[in-house]
Amino acid sequence: MKKTFLCITFYFKGNEFLQQCKAEGNTVFLLTKKKLENKPWAWESIDEVFYMESDENSPENINNLIKGVAWLMRKHKIDRVVALDDFDVEKAAAVREEFRIPGMGQTTARYFRDKLAMRIKARNAGLRVPAFSPLFNDEEINLFANQIPTPWLVKPRSEASATGIRKVHSTDQLWEVIHQLGDKRHMYLVEQFKPGDVYHVDALTINGEMAFNWTSKYLSTPFDVAHGAGIFRSATLPHNSDDDILLKEFNNRVMKAFGMKNSASHTEYIKCHEDGEFYFLETSARVGGAHLGTMVEAASGINLWREWARLESALLKGEAYQLPEVKRHYSGILISLARQQHPDLSPFNDPEIYCHIPEEHHVALIIHSSNHQRIIELLDKYAQIVKEHYHASAPVPDKPSH
């Protein structure tokens with residue numbers, strides 16, 4: 001019997017999931033934003049598409065979404081609801097709760113969406129996290145400010161990447177930012193800024209067990225790129241290195257503590273310069289953005305979008321999921337804003353080029369090799385070329401663009 005997936009994404013992403021989900025013999029419904037109807041979706045893999053005007057996670061908009069799904073379910077049984085983007089995790093969880101569809105409910109979804117909820121959960125599970133405080137109570141905030149050395153970061157609880165983060169260096173500056181937030185201050189937290197290197201672990205979990213766990217290191221942290229107009233770069237960690245082993249163990253503990261059952265995930269950690277320890281930063285129940293999924297595939301041979309669809313489909317049909325053979329190569333990614341609308345990419349022509357990512361006003365590419373050092377050499381070489389001949393910068397937005 002055919003099973004029906006409702007895939008929710010209010011950003012243009014996830015075509016490979018949709019294609020694989022359809023290839024597994026499922027009925028595929030897509031819910032997306034009206035503004036995205038002319039994007040090149042994988043139409044051949046979509047049985048029906050539904051649109052909403054707003055992508056807000058407000059109670060009013062989620063209530064409208066639930067009304068729409070209730071209408072849909074009069075004629076179609078929905079077997080699985082999948083959020084393909086960070087901002088849709090709440091929407092999918094609300095639909096599952098309302099219609100009692102198996103999968104991540106609203107409480108667990110908070111741990112993969114709300115930066116405050118995930119920090120409290122990690123701390124309570126005995127996992128290292130930078131010192132933090134919610135912005136609910138004046139006395140608690142002052143206690144944090146008196147005890148924790150500056151600088152601090154004021155972060156939105158539910159934005160992705162480095163969007164909306166502000167660095168502050170004194171109690172007065174902190175209160176100035178809090179007052180500017182006004183009635184929205186409860187939607188933010190303050191956290192100790194720990195200088196260090198930032199790493200990411202991209203994973204697949206099935207039945208609560210880690211099926212795939214891949215470690216990489218940002219050569220420029222997302223915060224530095226967003227706020228310092230840097231060049232975004234990341235590279236696979238050396239296999240079986242101390243950092244690789246420690247991060248995989250840490251990621252296993254995080255997923256267990258947070259109640260992850262079945263999904264792709266993208267989790268970030270910082271290795272503090274001061275003490276050399278890893279600290280949990282944040283996680284998400286999705287494939288990593290900024291083409292990191294393609295970077296992982298270039299080194300491992302594992303397409304996270306397609307394998308996520310395969311494991312969801314296998315679970316639904318009561319079949320065993322088998323991860324394909326994992327390669328143990330290396331890859332790296334470089335993305336930069338460019339002054340040119342269509343940059344000449346001919347200087348980036350080494351045989352290690354895996355792909356160029358076509359995007360106006362960007363230089364974006366992925367490389368792969370069996371040699372880790374070669375990846376680092378090429379990323380350094382290409383960053384220098386970009387800096388001299390292409391690089392442009394723009395102020396970090398208050399909200400991510402669609």
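Along the sequence shown, residues are numbered consecutively beginning with 1. The shown structure was predicted, so the numbers you read here are calculated from the model rather than taken from an experiment.
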Student: What residues form a ring pair (Phe, Tyr, Trp, His ring centres under 6.0 Å) with W152, not counting sequence neighbours?
Tutor: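 Only F144 meet the ring pair (Phe, Tyr, Trp, His ring centres under 6.0 Å) criterion with W152.
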Student: When the aromatic ring centroids of F278 and F250 are compared, is their separation below 6.0 Å?
Tutor: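 No - the distance between ring centres of F278 and F250 does not fall below the 6.0 Å cut-off.
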Student: Using modelled atom types only, decide if a donor and an acceptor are shared between the side chain of N61 and the backbone of S54 within a distance under 3.5 Å.
Tutor: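 The answer is yes, because a donor-acceptor pair under 3.5 Å joins these two groups.
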Student: Do the charged groups of K22 and E44 touch, with an N to O distance under 4.0 Å?
Tutor: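 Salt bridge flag = no for E44 with K22.
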Student: Is the ring pair F50/F29 parallel, tilted or perpendicular, if the boundaries are 30 and 60 degrees?
Tutor: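 F50 and F29: perpendicular rings.
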Student: Is the W41 ring parallel, tilted or perpendicular to the W43 ring (thresholds 30°, 60°)?
Tutor: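 Plane angle over 60°, so perpendicular.
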Student: State which residues pass salt bridge (Lys or Arg N to Asp or Glu O under 4.0 Å) with D114; sequence neighbours excluded, sorted by chain then number.
Tutor: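 Scan of D114 (salt bridge (Lys or Arg N to Asp or Glu O under 4.0 Å), adjacent residues dropped) gives R110, R157.
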Student: Where does the angle between the aromatic ring planes of F280 and F258 fall among parallel (under 30°), tilted (30 to 60°) and perpendicular (over 60°)?
Tutor: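 F280 vs F258 ring planes: perpendicular.
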Student: Can you tell me if K35 has over 12 outside heavy atoms packed within less than 6.0 Å of its NZ?
Tutor: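 Result for NZ/K35: open.
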Student: Please identify each residue that fulfils salt bridge (Lys or Arg N to Asp or Glu O under 4.0 Å) with D344, with sequence neighbours left out.
Tutor: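 Applying salt bridge (Lys or Arg N to Asp or Glu O under 4.0 Å) to D344 gives none.
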Student: Taking D275 for the side chain and E277 for the main chain, is one N or O donor matched with an acceptor at less than 3.5 Å?
Tutor: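 Such a contact is found between D275 side chain and E277 backbone.
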Student: What is the distance from atom CG of N142 to atom CD of Q147, rounded to the nearest 0.5 Å?
Tutor: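 So the gap between those two atoms works out to 11.0 Å.
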Student: Got a salt bridge between E191 and K194, using NZ or NE/NH1/NH2 to carboxylate O under 4.0 Å?
Tutor: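 Judged by the 4.0 Å cut-off on N to carboxylate O distance, E191 and K194 do not form a salt bridge.
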Student: May I ask you to check whether F87 and Y11 place their ring centres under 6.0 Å from each other?
Tutor: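 Ring centroids of Y11 and F87 are less than 6.0 Å from each other.
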Student: Could you tell me whether a side-chain N or O of R96 sits under 3.5 Å from a main-chain N or O of M104, the two making a donor and an acceptor?
Tutor: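 Looks like yes, one N/O pair under 3.5 Å.
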Student: What about W71 and H76, are their ring centers closer than 6.0 Å?
Tutor: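 When the ring centroids of W71 and H76 are compared, they turn out to be at least 6.0 Å apart.
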Student: Compute the centroid of each ring, for H372 and then for Y330, and state whether the two points are separated by less than 6.0 Å.
Tutor: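 Ring-ring flag for H372/Y330: true, centres closer than 6.0 Å.
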Student: For a side-chain contact (heavy atoms from CB on, under 4.5 Å) with T283, tell me which candidate from T267, N251, V201 qualifies.
Tutor: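 Among T267, N251, V201, the one meeting side-chain contact (heavy atoms from CB on, under 4.5 Å) with T283 is T267.
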